[in-house]
Amino acid sequence: MNSGNNVRGTFFEVINDNPTIFMTLDAIERDGDFVEAPIINGDFITMRARGTDTETDDGELLYTWSRITAQGETEDIMGCDLSICTVETDMSWIGERNVFATVTDGHGASASDSMLMSVWNSYSMDEFFDSGAVISYSLVYGPIINYNVTASESGMQMTQQQLGTNAAAFDST
């Protein structure tokens, strides 16, 4: 019978669930063909980020992509704002670099995943000699290894030659 008893209060706590994300490397394209790893400087790579959220439709999720440069700085990957990112690797990708995908839901919560990307360097050379002989070689190597290749027309046969720190030995032909 007291009007003070008619007032009721309710407290609601609304929690924004964080989205989840999972990254994969879907394709490596070299010279118009799809190839297996390793990734070589100049290849086009296609990465995919699969994001989900309990309270946001997948079409409303926002994606951003970034990577660590050779200088250790974080750099946005331009042109990648969807769940699929296709980019051409250049000299700045050579080595082992982390790539990150971040998904943000409509309420501002976000999650990130990363992938360690290993991109190899390549070097090709055609060497022409006065006698008309030609030597062509192509090397695919990691960024830390220095290789020197020399060729001569002296007629000497080379046997059990070692390239850099490679454990294998090679003979000339």
### Query
Short question: side chain of T89, backbone of D43 - any donor-acceptor pair under 3.5 Å?
yes
#### Entry: Non-hydrogen side-chain atoms of F100 and I68 separated by less than 4.5 Å
yes
### Query
Is it true that the side chains of R97 and S92 contain a donor and an acceptor less than 3.5 Å apart?
no
### Query
Taking side chain as C-beta onward, heavy atoms only, is I45 less than 4.5 Å from W93?
yes
### Query
Side chains of Y63 and L82: does their closest heavy-atom pair fall under 4.5 Å?
no
### Message
Are the side chains of R50 and T24 in contact, using a 4.5 Å heavy-atom criterion?
### Response
yes
### Task
Give, for atom OG of S83 and atom CH2 of W65, the distance between the pair rounded to the nearest 0.5 Å.
7.5 Å
### Query
Distance from L61 atom CG to T102 atom OG1, nearest 0.5 Å?
12.5 Å
### Message
If I compare all heavy atoms of S112 with all of I21, which pair ends up nearest, and what's the gap?
### Response
C-CG2, 3.5 Å
### Task
Give, for atom CD1 of I39 and atom CZ of R30, the distance between the pair rounded to the nearest 0.5 Å.
9.0 Å
### Message
If I take atom CZ from residue R48 and atom OG1 from residue T86, how far apart are they, to the nearest 0.5 angstrom?
### Response
9.0 Å
#### Entry: For I94 against N121, the heavy-atom pair lying closest together
CD1-CG, 3.5 Å
#### Entry: pair R67-V87: side-chain heavy atoms closer than 4.5 Å
no
### Query
Can you name the nearest heavy-atom pair linking I77 to V99, along with the distance?
CD1-CG1, 4.0 Å
### Summary
Heavy atoms of N16 and A109 approach each other most closely as ND2-CB, 3.3 Å
### Task
Look at the side-chain heavy atoms of Ile, Leu, Val, Met, Phe, Trp and Tyr, link any pair under 4.5 Å apart, and say whether V119 and V35 land in one connected group.
yes
### Query
Under 6.0 Å from the CG atom of D126, do we count more than 12 heavy atoms belonging to anything else shown?
yes
### Message
Once rounded to the nearest 0.5 Å, what's the spacing between atom CG of L116 and atom CG of L25?
### Response
11.5 Å
#### Entry: M125-I135 co-clustered via ILVMFWY side chain contacts under 4.5 Å
yes
## Note on the structure
To the nearest 0.5 Å, atom OG of S110 lies from atom CG of D105 at 8.0 Å
